[in-house]
S.K.: 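Here it is: the structure, laid out below.
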Amino acid sequence: MGILLRLLVAAGLAADAIVHWRFAPDMAPGPNTPDDVIPGDDLFRAQAIAAAVAAVLVLVWASKWTYAIAFVVAASAAGAVLLYYFVDFGQLGPIPRMYDPSWYADKTISFAGEAIATIAALVGFFTVGRKERAEPRSGAHVG
């Protein structure tokens, strides 16, 4: 089960990373964007990098902490895509207006990956290390 969870988390985060990286240029700020706003393309690239790093961490070293990191990265992205689909907040401090009420194939791929990674990372967080704790130690003193 452990390898399956790791692969689900990594694949979901990979889908998220690829879609965010590809769409980053489309999110570049326009000429009238205030200087105190974080450029949308930078946010999308940061999300892509965070997703890729979290995926590699879970693949290389599956622990409670790496699953927790993967969960935060995936859940925050899934939450953001839903929130910005339904609600137009406008600019929130340094975060640019990200409202996008349209739904398309790449958004579906990204959201599906984020949702799968979120659930798998949560399961991984609660199950990693259980087998090791449940088994008796091989060098235990008998007698």
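Just so you know, these numbers come straight off a predicted model, no measurement behind them.
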S.K.: Heavy atoms only: give me the nearest Val87-Tyr99 pair and the separation to one decimal.
M.R.: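 Nearest heavy atoms, Val87 then Tyr99: O-CD1, 3.3 Å.
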S.K.: How many angstroms lie between CG in Leu43 and NE2 in His20, if you round to the nearest 0.5 Å?
M.R.: 9.5 Å
S.K.: Ignoring hydrogens and angles, tell me if any N or O in the side chain of Lys107 forms a donor-acceptor pair with the backbone of Val19 under 3.5 Å.
M.R.: no
S.K.: Find the distance between CD1 (Ile49) and CZ (Phe44) and round it off to the nearest 0.5 Å.
M.R.: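 Reported value, rounded in 0.5 Å steps: 13.5 Å.
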S.K.: Looking only at non-hydrogen atoms, find the nearest pair between Val128 and Ala62 and report the distance.
M.R.: CG2-O, 3.6 Å
S.K.: Once rounded to the nearest 0.5 Å, what's the spacing between atom OG1 of Thr66 and atom CZ of Phe125?
M.R.: 10.5 Å
S.K.: Tell me whether Phe86 is reachable from Leu92 by hopping between hydrophobic residues (I, L, V, M, F, W, Y) whose side-chain heavy atoms are closer than 4.5 Å.
M.R.: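 Linked within one cluster.
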S.K.: Minimum heavy-atom separation for Trp61 to Arg6, with atom names?
M.R.: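 Looking at all heavy atoms of both residues, the shortest contact is N-NH2, 4.0 Å.
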S.K.: Could you state whether Leu13 and Ile116 fall into the same hydrophobic cluster, counting links through intermediate Ile, Leu, Val, Met, Phe, Trp or Tyr residues with side-chain heavy atoms under 4.5 angstrom apart?
M.R.: no
S.K.: Looking at every non-hydrogen atom in both residues, tell me the closest pair between Pro29 and Gly40 and how far apart they are.
M.R.: CD-N, 4.5 Å
S.K.: Could you check whether Glu114 and Thr118, counting side-chain N and O atoms only, form a donor-acceptor pair closer than 3.5 Å?
M.R.: no
S.K.: Answer yes if Ile3 and Val56 sit in the same cluster of Ile, Leu, Val, Met, Phe, Trp and Tyr residues linked by side chain heavy atoms under 4.5 Å apart, and no otherwise.
M.R.: no
S.K.: State, yes or no, whether a side-chain contact exists between Leu57 and Ser63 at a heavy-atom distance under 4.5 Å.
M.R.: no
S.K.: Check whether any side-chain heavy atom of Leu7 sits under 4.5 Å from a side-chain heavy atom of Leu59, and report yes or no.
M.R.: yes
S.K.: Answer yes or no: is there a side-chain heavy-atom contact under 4.5 Å between Asp41 and Phe23?
M.R.: no
S.K.: Take the angle between the ring planes of Phe111 and Trp103 and call it parallel below 30°, perpendicular above 60°, tilted in between.
M.R.: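 Phe111 vs Trp103 ring planes: perpendicular.
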S.K.: Any chance you could measure Trp65, atom CH2, to Phe71, atom CZ, to the nearest 0.5 Å?
M.R.: 13.5 Å
S.K.: Consider only side-chain heavy atoms of I, L, V, M, F, W and Y, link residues closer than 4.5 Å, and tell whether Met98 and Leu82 are in one cluster.
M.R.: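 Per the 4.5 Å side-chain linkage, Met98 and Leu82 are co-clustered.
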S.K.: Look only at the side chain of Ser110 and the backbone of Asp106, and say whether a donor-acceptor pair between them is shorter than 3.5 Å.
M.R.: no
S.K.: Would you indicate whether the side-chain heavy atoms of Pro96 and Val37 approach each other to under 4.5 Å?
M.R.: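 Yes. Closest side-chain heavy atoms under 4.5 Å.
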S.K.: Just wondering, do Tyr84 and Phe89 contact through their side chains at under 4.5 Å, heavy atoms?
M.R.: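 Side-chain contact under 4.5 Å: yes.
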S.K.: Taking all atoms of both residues into account, what is the closest heavy-atom pair of Ala54 and Ala70, and its distance?
M.R.: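 So the two residues come closest at CB-CA, 4.0 Å.
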S.K.: Could you tell me whether a side-chain N or O of Lys64 sits under 3.5 Å from a main-chain N or O of Gly124, the two making a donor and an acceptor?
M.R.: no
S.K.: Would Ile95 end up clustered with Met27 when hydrophobic side chains under 4.5 Å apart are linked, directly or stepwise?
M.R.: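 Ile95 and Met27: one cluster.
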